**Student:** 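Just passing along the structure, written as structure tokens.
Each chain gets a letter, A, B and so on, in the order its sequence line appears, and its residues count up from 1. All figures in this text were calculated on a predicted structure; none of them were measured in a lab.
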Amino acid sequence: MKILLFARIRDQLGIDSVDIDKPSTVAELRLLMQRQFPDHSALFEDGFSLVAVNQEIETTGARRLRESDEVAFLPPMTGG
Amino acid sequence: MIHVAVQTQDFSVAEAYTQLCEGKPDVGAAVFFVGLVRDRNLGDDVSQLELEHYPGMTEKSIEAFAHKAHERWPLIDIHIIHRVGKLAVQDQIVFVGVTSEHREAAFAACDFLMDYLKSQAPFWKKERHRLENGKWQERWIDQAEKDTRALQRWHNPVDESGV
């Protein structure tokens, strides 16, 4: 599945999305991303980034993911 | 009514104000806030800001918070314009306008919406600033604790919804 990357996360990885095998949950997604990008694993830790599923922030790691979900990693918001 | 726009182009405060008030005889108070790019942040000169958003999610998120404000205070209209893309010093970034019959609700809702926009809305800010050696550097801005704290003051014991 395609994972969208925004702002600092996109800049540090140099890509705006990544295709990975669909993880079963948000928590597993974080682990997969840390494994795929070991030099930038801090970006995918629970304490730093937010995960949006279908454009809503998902705070539950156990949330199950479906192939059709739109999933994105967001750094902490700093706008306004 | 709630109006939300996320756009690269500049906006006219006069036009937004007119839209909020014209033909609305029940409006007794109009409060608005305009945020501008200032020339210094954390002691550094800033020449340019770049604001990024998540198209679709950002608009939905702002609308959801505007609805919370509408539920919490007796408001007439909310008008929010947020710019994205490259902005220079003195450029307008954000407009939040709120109307109500009496001023208390409009003042409070405008303040609340700005605290939300600063801390929870999906925007990311990148700054270009000049180093001591004269070179320019880009940096993503970290979340300000002050802004997160500011939103917390709207929590209250009788309302567990976070607004």
**Student:** Could you tell me whether the side chain of B/Trp124 and the main chain of A/Pro75 form a donor-acceptor pair under 3.5 Å?
**Tutor:**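 Yes, B/Trp124 side chain to A/Pro75 backbone: donor-acceptor pair under 3.5 Å.
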
**Student:** Over all heavy atoms of both residues, which pair between B/Ile141 and A/Arg8 is shortest? Give the atoms and the distance, please.
**Tutor:**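 The answer is O-NH2, 3.5 Å.
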
**Student:** So which atom in A/Ala52 and which in B/Met57 form the shortest heavy-atom distance, rounded to 0.1 Å?
**Tutor:**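 Nearest heavy atoms, A/Ala52 then B/Met57: CB-SD, 3.9 Å.
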
**Student:** State, to 0.1 Å, how close A/Thr78 and B/Asp142 come at their nearest heavy-atom pair, and which atoms those are.
**Tutor:**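 Nearest pair, atom of A/Thr78 first, then B/Asp142: CG2-C, 3.6 Å.
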
**Student:** With a 4.5 angstrom heavy-atom cut-off, could you sort out which part of A/Asn54 is near chain B: side chain, backbone, both or neither?
**Tutor:**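 For A/Asn54, the contact with chain B is made by the backbone alone.
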
**Student:** With a 4.5 angstrom heavy-atom cut-off, which part of A/Ile57 approaches chain B: side chain, backbone, both or neither?
**Tutor:** both

**Student:** Tell me, yes or no, whether the heavy-atom count around A/Gln36 atom CD, taken from other residues, nucleotides or ligands under 6.0 Å, exceeds 12.
**Tutor:**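 More than 12 within 6.0 Å, yes.
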
**Student:** If you count heavy-atom pairs within less than 4.5 Å of chain A, which of B/Glu52, B/Gln120, B/Lys126, B/Lys60 leads?
**Tutor:** B/Glu52

**Student:** Take atom CD in B/Gln9; do more than 12 heavy atoms of anything else shown fall under 6.0 Å from it?
**Tutor:** yes

**Student:** Does atom NZ of A/Lys2 have more than 12 heavy-atom neighbours, drawn from other residues, nucleotides or ligands, at distances under 6.0 Å?
**Tutor:**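 Atom NZ in A/Lys2 is not packed in, count stays at 12 or less.
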
**Student:** Does a sphere of radius 6.0 Å around OH in B/Tyr17 hold more than 12 heavy atoms from other residues, nucleotides or ligands, not counting ones at 6.0 Å or beyond?
**Tutor:**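 For B/Tyr17, atom OH is not crowded (no more than 12 foreign heavy atoms under 6.0 Å).
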
**Student:** If you group Ile, Leu, Val, Met, Phe, Trp and Tyr by side-chain heavy-atom gaps below 4.5 Å, do B/Val98 and B/Trp73 land in one group?
**Tutor:** yes

